[in-house]
> 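The structure follows.
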Amino acid sequence: MRRSTKRHYAILTIVIFLIEVFIALYINDSFIRPFLGDVLVVGLIYCAVMAITSYRVVIVAIGTLIFSYMVELAQYAQVVDLLGLSDNKWARIIIGTSFSWWDMVCYTIGFIIILLIEKNKRIMKISQ
């Protein structure tokens with residue numbers, strides 16, 4: 001992967017991270033924070049991995065989706081409590097504490113969006 005491509009992924013990582021922080025700090029609604037935030041977090045993880053590795057798009061996208069599912073399943077298993085971190089604010093924020101099937105749907109939507117964007121980029125590159 002070219003250095004400029006990695007740079008683009010790094011910039012996207014920072015932009016998506018800042019959007020996620022903005023959502024976490026300033027938006028407390030019933031759609032953007034719980035749903036759009038979960039769709040975006042898949043893109044955040046994907047871009048971060050693409051910025052530092054040379055793995056294929058599909059491998060990173062699938063890995064990101066599996067990782068997201070695993071975090072959600074950890075919430076179902078109440079891992080924060082099992083590890084004795086229920087009083088740790090950062091552990092509760094990063095790992096999360098409540099399982100939701102809707103989160104799984106949002107992660108899947110984020111995964112599909114990634115694949116569509118990457119496919120579109122490839123088609124645009126071929127047509128040039």
> Does any pair with a residue in residues 81-101 pass ring pair (Phe, Tyr, Trp, His ring centres under 6.0 Å), and if so which ones, sequence neighbours excluded?
Y76-F99, F99-W101
> If I compare all heavy atoms of V42 with all of S68, which pair ends up nearest, and what's the gap?
CG2-OG, 3.8 Å
> Grouping I, L, V, M, F, W and Y whenever their side-chain heavy atoms are under 4.5 Å apart, do L12 and M50 come out in a common cluster?
no
> Taking atom SG of C47 and atom CD1 of I11, what is their separation to the nearest 0.5 Å?
11.0 Å
> Rounded to the nearest 0.5 Å, how far apart are CZ of F111 and CD1 of I45?
13.5 Å
> Just so I know, are the side chains of I62 and R56 near enough to count as touching, which here means a heavy-atom distance under 4.5 Å?
no
> If you compare all heavy atoms of A10 against all heavy atoms of A51, which two are closest, and at what distance to 0.1 Å?
N-CB, 3.6 Å
> Side chains of Y107 and V41, heavy atoms from C-beta outward: is any pair under 4.5 Å?
yes
> Any chance CZ of F67 has more than 12 other-residue heavy atoms, nucleotides or ligands included, within less than 6.0 Å?
no
> Out of L116, L115, I114, which residue meets the side chain to side chain contact (heavy atoms under 4.5 Å, CB included) rule with I112?
L116
> State, to 0.1 Å, how close D103 and Q75 come at their nearest heavy-atom pair, and which atoms those are.
OD2-OE1, 4.4 Å
> Are I109 and L40 connected into the same hydrophobic cluster when the rule is that any two of I, L, V, M, F, W, Y join if their side-chain heavy atoms are below 4.5 Å apart?
yes
> Looking at every heavy atom in both R33 and I27, which two are closest together, and how far apart are they?
CD-O, 3.2 Å
> Is it the case that one hydrophobic cluster holds both M70 and I93, taking links as side-chain heavy atoms less than 4.5 Å apart, direct or via other members?
no
> Can you spot which of V57, L65, I113 makes a side chain to side chain contact (heavy atoms under 4.5 Å, CB included) with Y46?
V57
> Return the minimal non-hydrogen interatomic distance between T53 and K6, and the atom names on each side.
O-NZ, 2.6 Å
> Is I32 linked to W102 within one hydrophobic cluster, defined over Ile, Leu, Val, Met, Phe, Trp and Tyr using a side-chain heavy-atom separation of less than 4.5 Å?
yes
> Not counting sequence neighbours, list each pair that qualifies as a salt bridge (Lys or Arg N to Asp or Glu O under 4.0 Å) and has a residue in residues 104-121.
E118-K121
> Is atom CG of D29 surrounded by more than 12 heavy atoms (other residues, nucleotides or ligands) closer than 6.0 Å?
yes
> Distance only, no hydrogens: is a donor on one side chain within 3.5 Å (strictly under) of an acceptor on the other, for Y69 and T108?
yes
> Do the side chains of F31 and I16 join up, straight or via other hydrophobic residues, at under 4.5 Å, putting them in one cluster?
yes
> What is the minimum heavy-atom distance between R92 and D81, and which atoms define it?
NH1-OD1, 4.5 Å
